[in-house]
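What follows is a short report on a single structure.
Chain letters run A, B, ... following the sequence lines, proteins first and then strands; every chain starts at 1. Note that this is a predicted model, so its numbers are computed, not measured.
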There are 2 protein chains.
Amino acid sequence: MSSRSQAIADILTRAIIDHRLVPGCKLGERELAEIFGVSRIVVRQAVIRLADDGLAQIERNRGAFVAKPSMQEAMEIYDALTLVEQGVAAQLSERLGPGGWAELRQHVERQRQAVAAGNDALADVLGQEFHSVFVRLSRNKVMQDIHAQLVRRTTLLRSLITADFDYCNLLDDHSRVIDLLEKGRLKKAMELIDTHHRSVVRGYIMDRAVFPELSPREALAPYLADGAANTEAANDEAGSEHKGAQIYAIPPANLRRNQAGDP
Amino acid sequence: MSSRSQAIADILTRAIIDHRLVPGCKLGERELAEIFGVSRIVVRQAVIRLADDGLAQIERNRGAFVAKPSMQEAMEIYDALTLVEQGVAAQLSERLGPGGWAELRQHVERQRQAVAAGNDALADVLGQEFHSVFVRLSRNKVMQDIHAQLVRRTTLLRSLITADFDYCNLLDDHSRVIDLLEKGRLKKAMELIDTHHRSVVRGYIMDRAVFPELSPREALAPYLADGAANTEAANDEAGSEHKGAQIYAIPPANLRRNQAGDP
DNA sequence: CGATGTGAAATTGGATAGCAATTCCTGTTT
DNA sequence: AAACAGGAATTGCTATCCAATTTCACATCG
């Protein structure tokens, strides 16, 4: 573990993208310090990291809050995400070998099975993960980091927003993008990526409470070492054969069908 | 001012992109704390910000150092920068109005005059700034921040690297990109952006000491409030009519022709 | 003479206590 | 009901202290 503030920043990030800490929620230094059993300073450092990542807003002498992006900012984040994924698509269409396409197809297939099995939680995570796998194949760590940050911010947006779109369509989009790219039909693929993201944004309605507001103590309880028993129970519920296992450490607080996350 | 740690992070960032703090330079907490007259904690918070920005590396129990990116990472940073600028180019080619094109042309013209006047320092800064103006016209703050971070990292790279390319060619590239985009020849423009960046990278030779290593105290002296007199003197030397004036507060420690910076 | 072990010094990561400034909240007054 | 005042709470920061780790000079040994 690099540092304690990093560990705490990671937990807070996780809690935010799990929609357990919702936008606007106060991240009081003293309260968090008590919850994590560390000094205020460590908490402040963690919160600074979140703020640099766009997940928190720090107001001088008032404290830190989970970020509450405006609709304008939401559009910008999705635009940036589209731009990045289109660019990666262009690179992959030139450089990716058969193994890469196979990996992508395999990922889509796993998601399809999850949907078929009715495991929405798994399908949801796989749907988000697809985009990350896609970018990872570019073999560009810098780009990966930028993309991951944008994805986190879109996930945050989903706390603020009710999505109203057809889940299966998005799965098909992934599949079609792969086909188009492998056939060299780059322009068509890029249009599809754009449409894909737009179809997500279009259904958004802001200023509606989507997830319940929990106190930081309630929200963070499952991530603490003390709550290990609790955590494992949650894990069993979600499914087990997936390698990026810690994703399931805590299931979203409030996951329903048709609210599935997919940037 | 938002916070003291942010202010210090800004100064350190400035010193790094001015090539006064060179890669590998130790950023000792105690030393910096003494230099800035703040406590160690504020320094640590500032350094965390730098590390999140890719400008510093923190090694547990060893301290923070100015980042020393590998050749691999350098390529990735330039690839990412190319990707972002190509994407922005695509957006601008559809959306930008006459005023925008005029602003870009005006910027190139200013740089051309600076070159003609032999003011290399100004030309250098304007050359870098062009890319930022370009991205700003996309009206996407999120994208701007990502791009600015990438530009800072390329500037850091230039501390590590000797550039050996034809300065005027790069200026012409800017002009040609504008022409191509305005005429709707997007693909050609994107190729040129790629070539532009590649021509910069190709001339790079790593592992050569380009800038002298200063101690943090020497490197930071000009930025401190105490050194205000010193700062203004430096300002006069570099030229004055440019609006982003703080760029000239401190001229690069070691600026020569043919080492001009242009991402 | 070089390699290796060792202990002191220096540095980091963190805890704790405390203080000034600011903001928030509440209760009183008008 | 509105306005004001003052105390409580919170933040930003300092100072000091401590444990863990690294560094480095020095002594020891092959």
Side-chain angles (χ1 to χ4, degrees), chain A residues 1-13 21 23-53 55-68 213-220 223-226, chain B residues 1-13 21 23-53 55-68 213 215-217 219-220 223-226:
Chain A
M1 189 80 61
S2 64
S3 75
R4 214 178 296 213
S5 70
Q6 183 62 61
I8 289 176
D10 288 344
I11 292 178
L12 290 175
T13 298
L21 286 172
C25 178
K26 171 104 195 251
L27 301 172
E29 286 184 11
R30 212 171 292 273
E31 183 175 10
L32 293 181
E34 198 181 324
I35 290 173
F36 288 109
V38 298
S39 72
R40 282 199 299 144
I41 289 170
V42 176
V43 169
R44 177 122 44 108
Q45 285 163 352
V47 167
I48 286 175
R49 287 190 149 101
L50 287 206
D52 280 350
D53 221 38
L55 296 183
Q57 288 167 349
I58 298 176
E59 297 177 31
R60 170 127 189 145
N61 280 319
R62 290 204 55 242
F65 305 82
V66 177
K68 207 169 190 171
E213 173 147 7
L214 306 176
S215 75
R217 193 176 294 274
E218 293 172 299
L220 295 170
Y223 304 92
L224 302 178
D226 313 331
Chain B
M1 189 79 59
S2 63
S3 75
R4 217 181 288 217
S5 70
Q6 183 62 62
I8 289 175
D10 289 345
I11 291 178
L12 290 175
T13 298
L21 286 172
C25 179
K26 173 103 194 255
L27 301 172
E29 285 184 10
R30 211 171 293 271
E31 184 174 10
L32 293 180
E34 197 181 324
I35 291 173
F36 288 111
V38 298
S39 73
R40 283 198 304 145
I41 288 170
V42 176
V43 169
R44 184 146 66 219
Q45 286 163 354
V47 168
I48 285 174
R49 288 188 147 103
L50 286 207
D52 280 351
D53 222 37
L55 296 183
Q57 289 165 349
I58 298 177
E59 297 177 29
R60 168 123 190 154
N61 280 317
R62 291 203 55 241
F65 305 82
V66 177
K68 205 171 189 170
E213 174 148 7
S215 74
R217 193 176 294 274
L220 295 170
Y223 305 93
L224 302 177
D226 311 331

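Taking 4.5 Å as the limit, some side-chain heavy atom of A:L21 sits within range of a side-chain heavy atom of A:L27.
An angle of 10°, rounded to 10°, separates the two end axes of the helix from C:dC1-D:dG30 to C:dT30-D:dA1, each defined over five pairs.
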With a 3.5 Å cut-off and sequence neighbours excluded, list the donor-acceptor pairs that the side chains of residues 38-48 of chain A form with protein atoms.
from	atom 1	to	atom 2	distance (Å)
A:R40	NH1	A:E29	OE1	3.1
A:R44	NE	A:E29	OE2	2.7

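Residues meeting the side chain to side chain donor-acceptor pair (under 3.5 Å) test with A:D53, sequence neighbours left out: A:R152. Evaluation of the side chain to side chain donor-acceptor pair (under 3.5 Å) rule for B:S5 yields B:S3, B:R49 as partners, not counting sequence neighbours. Not counting sequence neighbours, A:R30 has no partner by the salt bridge (Lys or Arg N to Asp or Glu O under 4.0 Å) test.
Both A:R30 and A:S39 lie close to DNA chain C; mapped to their nearest nucleotides by heavy-atom distance, the more 5′-ward contact belongs to A:S39. In terms of position along DNA chain C, the nucleotide closest to B:N61 lies nearer the 5' end than the nucleotide closest to the other residue of the pair A:R62 and B:N61.
A 4.0 Å heavy-atom criterion places the boundary nucleotides of DNA chain C facing chain B at C:dT11 to C:dG14, written 5' to 3'. Interface limits on DNA chain D: the 5'-most and 3'-most nucleotides within less than 4.0 Å of chain B heavy atoms are D:dC13 to D:dT23.
To the nearest 0.5 Å, the span separating NZ on A:K26 from CZ on A:R62 amounts to 7.0 Å. The distance from the OG1 atom of A:T13 to the CD1 atom of A:I8 is 11.5 Å, given to the nearest 0.5 Å. Taking CG from A:N61 and CD1 from A:I58, the interatomic distance works out to 12.0 Å, rounded to the nearest 0.5 Å.
The stretch residues 41-50 of chain A touches DNA chain C through A:I41, A:V42, each having a heavy atom under 4.0 angstrom from the strand.
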